[in-house]
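Let me begin by presenting the structure, written as structure tokens, before commenting on it.
As the structure is a prediction and not an experimental result, all values here were calculated from the model.
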Amino acid sequence: MPNITLPDGSVRSYDSPVTALDIAADISEGLRDSTLGARINGTLCDATQPIAEDAEVTLITARKGEKESHPDALMLIRHSCAHVMAEAIQRIKPSAQLVYGPPLETGFYYDIAFDSNSPLSSDEFEAIEKEMKSIIDEDRSFTRYELPNDEGLQKLESEGSKYKIDNAQRAIEGGADTLTWYATGTPNEHWEDLCRGPHVPSTGKIGAFKLQSIASSYWHGDADSDSLTRVYGIAFVHKKQLKQHLKLLEEAKKRDHRVLGKKLDLFHIDEQVGQGLLLWTPNGATVRQELQTFISEELRKQDYSQVFTPHIGKLDLYRTSGHYPYYQESQYPPLIDPEQLGRLADEGCSCADLSNLMKDGDIEGYLLKPMNCPHHIRIYANGQHSYRDLPIRLAEFGTVYRWEQSGEIGGMTRVRGFTQDDAHLFCTEEQVAGEIIGCLNLVNIIFNTLGMDNFKVRVGLRDVDSDKYVGDPANWDKAEQACRDAAETLGVPWSEEQGEAAFYGPKIDFIVNDVLGRPWQLGTVQVDYNLPERFDLSYIGSDGKHHRPVMIHRAPFGSMERFIGVLIEHFAGAFPTWLAPEQVRVLAISEKSNDYAHHVRNTLKAAGIRTSVDTSDERIQAKIRNGADAKIPWLVVVGPRDAEASNVSVRMRGIMDDLGAVSLEQFTSAIQSEIQTRGETSALATCFPDVEKPQ
RNA sequence: GCCGCCGUAGCUCAGUGGUAGAGCGCACCCUUGGUAAGGGUGAGGUCACGGGUUCAAAUCCCGUCGGUGGCUCCA
């Protein structure tokens, strides 16, 4: 008979099998009401699951008043809400076939196959939500029942849902002994769904929900398979949480780099120029330029050599590198030289012929470069290198072009032309570990300066059972260990993933989430044994013989486009002074102070500070508001009083009040110093030591 | 590429068969104001583009382009 150990270590003994609900009721009536499920020996289960053996049980509860609910509670509620939604949808569209409806950290969805002549539109959300509301109001129990595999399959076949049959078959292949259903109410009487569970005790436990969006998905994630409709929703324990969540989403939207990019005029994407082709407007270009200067300074410290290479290269170069044959779908088609094109035309070559010639590689021409490495490799290969010269580090803000699928393109984070902060290191086998550490140092410096500590690190290792990898396994072992060691030096959480290495070497990736929670890979450091081989690179060793160098590809930011997109969101558009496009704006109190305002502006400008002046006919209140709206770090108000004393009255972004007056001279040098040290010194602390730093 | 939604002034959006609108911004005028929106006047639109239906289309239908949310992809 079961002895139940609760998280506090207390043990309760029962004469017969009990459920989590029984245990909760034993403790208190209120606890019973708030119990949604249980972790039984660590596994999330229904609260109604009978426990016959000794077990460790954690009750999963949710109280109406709580600010945040336990993730398990939300999972249960969301999974259950997916069922309620599916039932409601099937009431409205009986021909809809259910496929798969899991909970997510951010909500839930249900993949549904609709009749092609009766698709679902978000206009119908209101009607569906109304049905859901009534199902929840009925507070019907989630009732689990099981059938033996063969009997269950028979049932599904008689119902004729190929998707559910498939789910069942997969469950059986995965080792399931029985198939389980959940009825929302009484089996055979109420709606039910083949489902592994677990669920909340009854529909009434779903306190608040909202349907969010409609999207399409592929069956089994296979683009060649059936196209399904995915309906997204969100559910919480109570309405306040839902409201709070929706408010957060609203706030997140304001931080979206696409919204801020427009508002602050950082970049523009123009239909007439092309999809996924970014135009950096002056403000955005300033941010990028500052960042590139910063990186370049660090690269110089680390003995990198700057190079420049063109945007195109001969097709044969990319045949040697392997990019052209293997990654054709991701490239713009080759550029064909005019003579060859004319000759093909004379020969009566059709578009289809041309396409085939391109596909087969029977064509000469140039490729818009998808990567910078071949060009850098040719720089290395151009001369003979002694082991004494290594490592050679060639760096370039190299612009590459890739044919991304149209549906993927958006904002700054996924574009068709972008500039990598690229570099290729050519080194000896022994130098690999040290060079990787060096790359990560750089990442550390940059991310620290920017205050970005919210990135994840993923170390991609080879799958030892596979033979697709090039290079000596012993070297792989060393390189993989070097990657792990280097990742450790960053002091942020990192994971290693087997089979995630490139075929040519292990790698370290940096991943950051955007405001909408979508992950983006930024930088990467990759060890490469392959390209030196393909290009037959060598260096002369101390033994006087030729040796193969190892290459490291590294782009710690990934691309300027994606990185700055993420950076805009990181700062919510409020860039630190050294990065801000407009660093100081001088606000003249009235026309009488315009001359002094211009003098202040010119003084700051002469000190290298990006400064503008507002001498418009607005009142000072409006000028302050406009300046704050533009997220300018420093506003200085100047009137007759300030002119008299050669002062400026300072406002800092993030502080509601006027900080008071300081001399123009002091302000100028304090701002200058803050910019030059990239925020290590603080103009606020220098000029106003008693004022606390905002945030 | 696939599916849903969307495309109206520089920006944010209202307008759902019958004379194209608002707020912000912009220009000009008034105002000369000391710390988060002073007032007035005005300019600005081939309603993304191309076809179709209709007496009549921003509005309905088809296609294209672009945006967006997902899916798939991302060397």
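Look at CD on A:Glu404: it is 17 Å from P on B:C2, rounded to the nearest Å. A:Arg319 places its CZ atom 23 Å from the P atom of B:A75, with the value rounded to the nearest Å. If you take CD of A:Gln272 and P of B:A48, they are 15 Å apart, rounded to a whole angstrom.
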Pairs under 3.5 angstrom only: tabulate donor-acceptor contacts from the side chains of residues 626-635 of chain A to other protein residues two or more places apart or in another chain.
unit_1   : atom_1 : unit_2   : atom_2 : d
A:Asn626 : ND2    : A:Ala622 : O      : 3.3
A:Lys631 : NZ     : A:Ala572 : O      : 3.3
A:Trp634 : NE1    : A:Thr577 : OG1    : 3.0

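Residues A:Gly410 and A:Gly407 both approach RNA chain B. Their nearest nucleotides, taken by heavy-atom distance, put A:Gly407 toward the 5′ side.
Within 3.5 Å, a donor on the side chain of A:Ser216 pairs with an acceptor on the base of B:G70, or the reverse. One cannot find a donor-acceptor pair under 3.5 Å joining the base of B:C3 and the side-chain atoms of A:Arg230. Not a single donor-acceptor contact under 3.5 angstrom links the side-chain atoms of A:Tyr232 to the base of B:G4. For A:Arg414 against B:C73, a side-chain-to-base donor-acceptor contact under 3.5 Å is present.
A heavy atom closer than 4.0 Å to some atom of RNA chain B occurs in no member of residues 557-567 of chain A.
Taking the six-membered ring for Trp and the full ring otherwise, the centers of A:Phe267 and A:Trp280 sit at least 6.0 Å from each other.
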Legend entry - Summary of protein contacts for nucleotides 25-38 of chain B, nucleotide by nucleotide, where a base hit scores B, a sugar-phosphate-only hit scores S (4.0 Å, heavy atoms): -----BBBBBBBBB

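A:Lys263 comes within 4.0 angstrom of no nucleic acid atom, judged by non-hydrogen atoms across all strands.
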